[in-house]
Amino acid sequence: MRRTHRCGSLRAAQVGETVCVMGWVHSRRDHGGVIFLDIRDRTGLVQVVGDPQRGGAAAHQAAEGVRAEYVVAAVGEVVHRGEGLGNPRIATGEIEIVAREITVLNTALHPPFEIDQEEINLEQRMRYRYIDLRRPVMQANLELRHKAAMAARQYLSSQDFLEIETPLLLKATPEGARDFLVPCRLVPGTYYVLPQSPQLMKQTLMAAGCDRYFQLARCLRDEDLRADRQPEHTQIDLEMSFVEQDDVLTTVEGLMQAVFAVAGIAVAAPFPRLSYGEAMERYGSDKPDTRFGMELIDLSATVASVEFRVFADALASGGQVKGLCVPAKGQLSRKDLDDLIAFSKQFGAKGMAWIAVDAEGLRSSILKFIPEDVQRALVAKMGAQPGDMLLFVADRPKVVADVLGRLRLRLGHQLGLVDKSRHNFLWVIDFPLFEKNAESGAIEPMHHPFSMPRAADIPLLESDPLAVTAQLYDLVVNGAELCSGSIRCHIPDLQLKILEVIGIDRAEALERFGFLLEVFSYGAPPHGGVGLGFDRIVAILSGQEASEVDIREVIAFPKTSTGRDLMLGCPSVIDPQQLKEVGILKTVDPAAE
RNA sequence: GGAGCCGUAGUUCAGUCGGUUAGAACGCUGGCCUGUCAAGCCAGAGGUCGCGGGUUCGAGUCCCGUCGGCUCCGCCA
């Protein structure tokens with residue numbers, strides 16, 4: 001007995017044929033005289049009928065004995081269902097298989113949850129992931145992921161990229177996230193680390209003359225998790241030689257068009273480009289969601305003369321006053337406003353002021369501190385209409401941007417201003433290479449210190465490092481960051497100079513980054529690239545809202561928020577003998593902790 | 001490292017102010033049933049209320065601890 005068709009593939013065209021399908025018993029409906037089985041495989045459902053008159057007593061009897069999730073083979077003739085008996089809700093609903101023979105290939109325990117159940121406890125799903133993955137929605141996610149990966153490979157291959165694997169066992173570097181460690185048995189007491197990304201290796205490939213590289217690379221970081229963050233995730237990692245920033249952006253735009261096409265989403269290119277400064281000014285975020293307006297409005301000049309302490313103090317200490325004009329249609333209650341104030345404080349604001357714009361005039365407890373002409377100026381500057389709610393934050397620019405940016409996003413969703421059918425791609429470019437640490441006053445890299453400054457800014461490295469713009473770029477869609485990349489600094493002397501700005505002298509640089517500097521000193525081409533968050537891309541392709549992406553839905557075997565695999569039961573304690581073998585002498589006993 | 005929410009039948013949940021024998025739906029088991037596709041009807045089984053301790057005459061309910069899941073802050077390219 002061999003399978004002739006996939007369950008979901010049968011159509012009226014096969015009527016009259018004797019077929020054999022194999023799959024899981026999705027449901028059984030026993031009418032006594034006749035029994036209906038829905039058989040499910042990856043491709044869908046097909047109805048199999050156990051009818052003693054038409055298919056024989058044996059098949060009917062076999063159908064009686066099967067239970068949910070039994071694995072069965074059904075042989076029989078494909079027939080048209082009778083008039084009015086079709087099921088338009090499934091693709092195979094026009095036909096059914098009259099079973100002549102039903103064989104149980106394997107029995108099954110009662111599943112811990114029902115396959116077609118809507119809400120299933122996440123813990124149960126993770127514990128029994130192999131059952132969870134049988135659900136059509138999860139099958140669809142896995143298929144989508146596969147297609148997206150194929151589209152990416154095909155596109156990049158067509159653009160002359162080579163897929164090259166890089167090692168999983170690497171040398172620890174002090175930069176970035178915490179590494180996962182792997183003890184080396186052959187040299188006791190020494191360790192490899194798992195890659196946070198193939199960054200170093202791909203730049204080395206550029207120096208090696210590979211010209212264009214890509215990889216669907218697993219990246220591992222030992223940091224705390226979130227719904228959109230797993231200890232291991234996948235990047236579409238790519239790097240290109242002899243290119244400028246625009247070449248990389250254009251390539252990624254083409255890649256996004258190819259990948260989003262697999263979900264039938266047309267993406268217009270080129271994508272809008274926004275400087276980091278403008279993004280922070282207008283949206284208070286370096287990954288703005290441009291699906292709605294409600295931009296931040298700078299009111300520092302408008303309220304410059306006002307004696308209201310909160311505003312005046314902020315301005316006097318070099319801060320700013322900015323606001324949002326929220327088209328609330330009078331919907332924000334006092335409680336809502338209190339919640340927003342608490343929300344603002346959570347992100348570092350000392351408070352949040354508000355003015356309600358009613359048909360009768362303005363309403364707020366701060367009006368008594370604001371002269372009427374300034375009130376009018378505020379309304380004009382913010383374009384306020386009756387029903388709007390004006391929100392104000394006064395603080396350091398970074399706090400103002402962060403708090404108002406978050407308020408804007410929260411209210412945009414809360415008030416339904418976001419057009420969820422859109423996919424607003426945009427590039428955020430022109431990031432400063434450095435920023436000043438607010439507490440220590442030290443100059444630090446904003447992203448990382450390995451990107452190339454804009455050519456014209458190189459002299460500023462010594463005179464005014466904070467004014468140096470890097471050739472760094474982030475790809476954003478609907479407020480979610482999809483990738484980050486840069487044109488790399490491939491000139492050793494320039495790299496040393498950049499490191500010097502952040503307080504790393506030549507000796508320390510050689511010690512910490514000597515490998516990269518060595519690679520570059522043997523003739524590295526100018527190069528640049530990106531790493532794209534593949535899990536996040538697939539999540540958005542699958543229809544998830546960008547502001548609440550859950551990548552666990554598009555990963556076959558994800559970890560919980562404490563990094564556990566509930567199906568395998570790991571991490572787990574290792575046998576002392578095995579520890580000794582790799583040179584680990586002492587460990588914490590989790591039971592004794 | 002910090003904060004919050006959740007944990008009751010196989011599953012999803014309800015359980016009032018601390019008070020008799022902890023309920024519903026779905027699922028499951030058995031019976032009936034020849035056109036269902038969320039099949040239907042009848043009957044039945046199914047519970048250490050995550051775990052440990054405390055308060056109380058009495059705890060699913062209150063308190064403390066602990067384990068697990070989730071969310072957020074910190075962290076993270």
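In what follows, chains carry the letters A, B, and so on, assigned in the order in which the sequence lines appear, proteins first and then strands, with residues in each chain numbered from 1. All heavy atoms count here, side chains included; hydrogens, waters and symmetry mates do not.
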What do the steps show when you test A/Arg29 against A/Gln47 for side-chain contact (heavy atoms from CB on, under 4.5 Å), and what is the final call?
-> CA-CA 10 Å; A/Arg29 295 176 295 279; A/Gln47 176 163 286; 2.9 Å; yes
Please walk me through it: do A/Leu391 and A/Leu337 pass side-chain contact (heavy atoms from CB on, under 4.5 Å)?
-> CA-CA 9 Å; A/Leu391 306 181; A/Leu337 288 165; 4.1 Å; yes
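Ion pair A/Asp474/A/Lys287 not flagged as a salt bridge, since none of the NZ, NE, NH1 or NH2 atoms sits closer than 4.0 Å to an Asp/Glu carboxylate oxygen. Ion pairing between a basic and an acidic side chain is recognised when a charged N comes within 4.0 Å of a carboxylate O; A/Arg273 and A/Glu253 show such pairing. Between A/Glu69 and A/Arg40, at least one side-chain N (NZ, or NE/NH1/NH2) sits under 4.0 Å from a carboxylate O, which counts as a salt bridge. Salt-bridge formation is detected for the pair A/Asp132/A/Arg129: a Lys NZ or Arg NE/NH1/NH2 atom is positioned less than 4.0 Å from an Asp or Glu carboxylate oxygen.
By the 30° and 60° cut-offs, the orientation of the rings of A/Tyr130 relative to A/Tyr128 is perpendicular. Note on ring orientation: taking the six-membered ring where Trp is involved, the planes of A/Phe513 and A/Phe450 are perpendicular (angle over 60°, cut-offs 30° and 60°).
For A/Leu85, whose side chain is taken as the heavy atoms from C-beta onward, the closest listed nucleotide among B/U36, B/G69, B/U12 is B/U36. The side chain of A/Gln117 approaches B/U11 more closely than any other nucleotide in the set B/C37, B/G68, B/U11.
Contact annotation: A/Asn87 does not reach the phosphate of B/U36 (side-chain N/O to OP1 or OP2, under 4.0 Å).
At a threshold of 4.0 angstrom between heavy atoms, the contacts of A/Gly86 include nucleobase atoms, whether or not backbone atoms are also involved. Using a 4.0 Å heavy-atom distance criterion, A/Glu123 is classed as a sugar-phosphate-only contact. Within the 4.0 angstrom heavy-atom criterion, base atoms lie near A/Glu96.
The separation of B/G69 from B/A25, taken at their C1' atoms, amounts to 24 Å, rounded to a whole angstrom. When the P atom is used for both B/U56 and B/G68, the distance is 32 Å, rounded to whole Å. On the C1' atoms, B/G47 is 5 Å away from B/A9, given to the nearest whole Å. Atom name C1', nucleotides B/A3 and B/C75: the rounded distance is 15 Å, in whole Å. Taking atom P on both nucleotides, B/G4 is separated from B/C26 by 39 Å, rounded to a whole Å. Distance noted for atom C1' between B/C5 and B/C42: 43 Å (whole Å). As rounded to the nearest Å, B/G7 and B/C49 have P atoms that lie 14 Å from one another. A gap of 7 Å separates the C1' atoms of B/G27 and B/G10, to the nearest Å.
Applying the Watson-Crick and G-U wobble criteria (two distances, each under 3.5 Å), B/A24 pairs with B/U12. Using Watson-Crick or G-U wobble geometry with both donor-acceptor distances under 3.5 Å, B/C70 finds its partner in B/G4. Base pairing analysis places B/A45 opposite nothing; no Watson-Crick or G-U wobble pair with both distances below 3.5 Å involves it.
For the pair A/Glu83 CD and B/U36 P, the computed distance is 14 Å after rounding to whole Å. Nucleotide B/U11 holds its C1' atom 13 Å from the CZ atom of A/Arg135, rounded to whole Å. The distance from atom CD of A/Gln230 to atom P of B/G69 is 12 Å, rounded to the nearest whole Å. Going from atom CG of A/Asp116 over to atom P of B/U11 covers 16 Å, rounded to whole Å.
Side-chain atoms of A/Asp535 and A/Gln230 include no donor-acceptor pair closer than 3.5 Å. Using a 3.5 Å distance cut-off with no hydrogens or angles, the side chains of A/Arg218 and A/Ser197 do not pair a donor with an acceptor. Donor-acceptor pairing under 3.5 Å is lacking for the side chains of A/Asp430 and A/Tyr473.
Annotation: cation-pi geometry satisfied between A/Arg410 and A/Phe343 (NZ/CZ under 6.0 angstrom from ring centroid, within 45° of ring axis).
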Could I get a table of every N or O pair under 3.5 Å where one atom is in the protein and the other is in nucleotides 26-33 of chain B?
residue	atom	partner	partner atom	Å
B/C26	O2'	A/Glu114	OE1	3.3
B/G27	O4'	A/Glu114	OE2	3.2
B/U29	OP1	A/Arg67	NE	2.7
B/G30	OP2	A/Arg67	NH2	3.2
B/C33	N3	A/Asp30	O	3.2
B/C33	N3	A/Gly32	N	3.2
B/C33	N4	A/Asp30	OD1	3.3
B/C33	N4	A/Gly32	N	3.4

Sort me out a list of protein N/O and nucleotides 5-9 of chain B N/O pairs below 3.5 Å, or just none if empty.
none

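Between the side chain of A/Arg488 and the main chain of A/Pro526, no donor-acceptor pair closer than 3.5 Å is present.
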Along nucleotides 70-77 of chain B, 5' to 3', which nucleotides get a B, which get an S, and which get a -, given that the test is a protein heavy-atom distance under 4.0 Å?
-> BSSBBBBB
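One N or O donor and one acceptor, one from the side chain of A/Gln47 and one from the base of B/U36, sit under 3.5 Å apart.
For A/Arg81 and A/Pro112, each mapped to the nucleotide of RNA chain B holding its nearest heavy atom, the one lying further toward the 5' end belongs to A/Pro112.
By the stacking rule of 5.5 Å between ring centres and under 30° between planes, A/Phe36 stacks on the base of B/U36.
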